[in-house]
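Below is one structure; the comments refer to it alone.
Residue numbering restarts at 1 for every chain, and letters A, B, ... go by the order of the sequence lines.
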Amino acid sequence: MRYKKLRGTKDWLGQEAERFVLFFKTASDLAEKFGYKPIITPIIEPHELFSRSVGEASDIVQKEMYEFEDKGGRKIVLRPEGTAGTVRAYVEAGLDKSNPLQKLYYFGPMFRYEKPQAGRQREFYQFGLEAIGWEDASFDAEIIDYTYKLLTMLGIKFKLHINSIGCKSCRPKYRQALVEYLNSNKDKLCKTCQSRLEINPLRVLDCKEESCKIVNQSAPNITKYLCDNCREHFEEVKKTLEKLNIEFLVDPLLVRGLDYYTQTVFEFKIRESKSQDAVASGGRYNHLIEDLGGQPQPAVGVGIGVERVLLYSSTIPKKSPLNVALCWRSKELKPHALTLKSSLVNKAIEQNLNLSFIHHSGSFKAQMKFAGKNASLAIILFEEEFKQNKVVLKNMVTSEQHIVDLEIASLLENIKNIITA
RNA sequence: GUGGGUGUAGCUCAGUUGGUCAGAGCACUGGGUUGUGGCCCCAGGGGUCGUGGGUUCAACUCCCACCACCCACCCCA
């Protein structure tokens, strides 16, 4: 074995690859049902896009980005998340001015230089939704509703945590109160939190260190510091979720690691596991479009971790699609089998049938062995039957077989009958 | 970035105190038996024992380094 995949990357093969594709189909179909349209943006972006949006002080920008200089001396990064690129494209296309209301979904690989672990890779896939242009709480609820439905469809058990972290006018007041409180308890905080206190005090709130947890329990509650506008918005989000029968938990300690969030933030957490527990998360980012040079537009979005979803999904099937194998008893029949196969493929496309047709080569025994392993049905050509325009249709699971007409339409009817039986 | 565990055929694993120990089962390929796969029988391919050094007459086996994977922390998707 000469070459190995890079650390923290993954090859998708066999059933895993099939499940991956199936996830994308499910997620994008559902997104389309909610009126979201696809957007595809580059994997490489300028470094500054993320330091401006995700935040200079965030862990992602400080230590997790893949960065390099291209031949023109530009500072490039492999995107660590999907929102910044989407917003950049939105502003660059002038949509903020010409057509500001946009509901978009994206899908693709993201990159973060971290130590790999189960459910955590250096290259990982995200499926995300962004609703840009609406300030109304119903869109926060829509994004959450979508994610809730998708994860439920996929058979994932989760807990939804939500919080509001305020806006530009009320958060500074809270921040000040928090810093004052934390400073008076500074000696009880862990080392990282003592430095967080300087750079990003809100992050202290979701520290898992026991001593910090105790301090956090009596910390000022952000909900009490929200301005009227933010409070009303949050109340409406909660009311709407209740009407939609979506269970959630208000978690005043939920703070996201990305700087661009305002007001609503949420995380879908897996019940059983405590680490790598977020399968999906997101929130509102009302200033990001403006911060990236566009006209001010409010927005809300979600990012869903594909690997984690696949890890916990119980309903995405692992079974391959239904295969029909063509086999021939003697060499002379081979060309007939192949033309038959080609006609069957045409018909299957025409009638939109969920069937695939395969063949092997070599000895008859080898063909049958291949069929037994890879197909549910076999169409077998024998000299005697073929002379009378007949073939053998064999169910490879039950071993039942019948001599049937070679004619395409009736052959397909027979196949359908076996499948539905 | 910190700590712990693991690393022998595609997979699951044996390998005795360093000296025919490079093996088994499954999988794979070919053949036999059934006008047609699975059962059975015969044969075959496949490994520089994670990589690189060191000790030794001799290393899969001892020592060191590195790499990869897993787990926990951290962080998040």
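Nucleotide C39(B) forms a pair with no other nucleotide shown, judged by Watson-Crick or G-U wobble geometry with both contacts under 3.5 Å. Using Watson-Crick or G-U wobble geometry with both donor-acceptor distances under 3.5 Å, C73(B) finds its partner in G1(B). Both distances falling under 3.5 Å, in either a Watson-Crick or a G-U wobble arrangement, occur for no nucleotide opposite U17(B). Base pairing of G47(B) is not made with any nucleotide, judged by Watson-Crick or G-U wobble geometry with both donor-acceptor distances under 3.5 Å. Using the Watson-Crick or G-U wobble rule with both distances under 3.5 Å, A9(B) pairs with nothing in any strand shown.
Between the side chain of Glu114(A) and the base of A77(B), at least one donor-acceptor pair of N or O atoms lies under 3.5 Å. Taking 3.5 Å as the limit, the base of U36(B) and the side chain of Gln401(A) contain a donor-acceptor pair of atoms between them. Between the base of U36(B) and the side chain of Lys365(A) there is no donor-acceptor pair shorter than 3.5 Å. Within 3.5 Å, a donor on the side chain of Asp277(A) pairs with an acceptor on the base of C76(B), or the reverse.
Rounded to a whole Å, the CZ atom of Phe50(A) is 13 Å from the P atom of A77(B). Taking atom CD on Gln62(A) and atom P on C76(B), their separation rounds to 12 Å, with Å as the unit. Distance CG (Leu6(A)) to C1' (C69(B)): 15 Å, rounded to an integer number of Å. Taking atom OH on Tyr312(A) and atom C1' on A77(B), their separation rounds to 11 Å, with Å as the unit. In this structure, Lys5(A) places its NZ atom 7 Å from P of C69(B), rounding to the nearest Å. The nearest whole Å value for the distance from the CD atom in Glu123(A) to the C1' atom in C76(B) is 17 Å. Atom-to-atom, NZ of Lys115(A) to P of U2(B) comes out at 7 Å; the value is rounded to the nearest Å. Between the C1' atom of G35(B) and the CH2 atom of Trp328(A) lies a distance of 18 Å, rounded to the nearest Å.
Nucleic acid contact class of Gln121(A) (heavy atoms, under 4.0 Å, all strands): base. Using a 4.0 Å heavy-atom distance criterion, Arg112(A) is classed as a base contact. Contacts of Gly8(A) with the nucleic acid, taken as non-hydrogen atoms under 4.0 Å apart, involve only primed sugar atoms and P, OP1 or OP2. Nucleic acid contact class of Val397(A) (heavy atoms, under 4.0 Å, all strands): base. Residue contacts for Ala280(A): at a heavy-atom cut-off of 4.0 Å it reaches the sugar-phosphate backbone alone, with no base atom in range. Across all strands shown, Arg122(A) has no heavy atoms under 4.0 Å from either base or sugar-phosphate atoms. Within the nucleic acid shown, Gly372(A) comes within 4.0 Å of at least one base atom, counting heavy atoms only. At the heavy-atom level, Glu64(A) lies under 4.0 Å from the strands shown only through sugar-phosphate atoms.
Residue Ser363(A) has a polar side-chain atom (N or O) positioned under 4.0 Å from OP1 or OP2 of G31(B). At least one side-chain nitrogen or oxygen of Arg203(A) sits closer than 4.0 Å to the OP1 or OP2 atom of C76(B).
Considering CD1 of Ile43(A) and CG of Leu78(A), their distance stands at 8.0 Å, rounded to 0.5 Å. Between the NE2 atom of His359(A) and the CZ atom of Phe357(A) there is a distance of 14.0 Å, given to the nearest 0.5 Å.
Stacking between Phe382(A) and G35(B) is absent: the aromatic ring centre is not both under 5.5 angstrom from the base six-membered ring centre and within 30 degrees in plane angle.
For the P atoms, the distance linking U16(B) with G4(B) amounts to 27 Å, nearest Å. With P as the reference atom, C60(B) and G19(B) are 10 Å apart, rounded to whole Å. G1(B) sits 22 Å from C64(B) when the P atoms are compared, rounded to a whole Å. Separation of the C1' atoms belonging to C57(B) and G10(B) is 37 Å when rounded to the nearest angstrom. The same atom, C1', is picked in G45(B) and in G30(B); the two are 10 Å apart, to the nearest Å. Comparing the same atom, P, in G44(B) and in G23(B) gives a spacing of 13 Å after rounding to whole Å. Only the C1' atoms considered, C49(B) is 16 Å distant from C62(B), to the nearest whole Å. Only the P atoms considered, C71(B) is 48 Å distant from G32(B), to the nearest whole Å.
Ion pairing between Glu267(A) and Lys269(A) holds under the 4.0 Å rule for side-chain N and carboxylate O. The pair Lys10(A)-Glu16(A) counts as a salt bridge, with a side-chain nitrogen and a carboxylate oxygen less than 4.0 angstrom apart.
Of the listed nucleotides (C76(B), G35(B), C71(B)), G35(B) has the atom at the smallest distance from the side chain of Glu385(A). Here the side chain of Phe364(A) is nearest to one of G35(B), G38(B), U36(B), namely U36(B). Counting only heavy atoms from C-beta on, Ala118(A) has its side chain closest to C70(B) among C70(B), G32(B), C28(B). For Lys369(A), taking side-chain heavy atoms from C-beta onward, the closest of the listed nucleotides U36(B), C76(B), U29(B) is U29(B). For Arg329(A), taking side-chain heavy atoms from C-beta onward, the closest of the listed nucleotides G35(B), C76(B), A72(B) is G35(B). Across G30(B), C28(B), G3(B), the shortest atom-to-atom separation from the side chain of Lys373(A) is found for C28(B). Across C76(B), C73(B), G35(B), the shortest atom-to-atom separation from the side chain of Arg308(A) is found for C76(B). Taking the side chain of Arg120(A) as heavy atoms from C-beta on, and the options U36(B), C74(B), G35(B), the nearest nucleotide is C74(B).
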Discussion item. Run the salt bridge (charged side-chain N to carboxylate O under 4.0 Å, His left out) test on Asp405(A) and Lys390(A) for me, step by step, so that the C-alpha distance in whole Å, both residues' side-chain angles and the decisive distance to 0.1 Å come before the verdict.
Written reply: CA-CA 5 Å; Asp405(A) 234 16; Lys390(A) 304 268 187 194; 3.6 Å; yes

Fill in: Worked check of salt bridge (charged side-chain N to carboxylate O under 4.0 Å, His left out) between Lys33(A) and Asp29(A)
CA-CA 6 Å; Lys33(A) 291 248 183 328; Asp29(A) 282 354; over 6 Å; no

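Each of Arg7(A) and Glu307(A) was matched to the nucleotide of RNA chain B holding its nearest heavy atom; the match closer to the 5' end belongs to Arg7(A). Each of Lys394(A) and Ile60(A) was assigned the nucleotide of RNA chain B with the nearest heavy atom; the assignment lying further toward the 5' end belongs to Lys394(A).
With hydrogens and angles ignored, the 3.5 Å screen pairs a side-chain donor or acceptor of Ser313(A) with a backbone N or O of Leu154(A). No side-chain donor-acceptor contact under 3.5 Å links Asn389(A) to the backbone of Leu406(A).
Contact detail for Leu160(A) and Phe266(A): the closest heavy-atom pair is CD1-CB, 4.1 Å.
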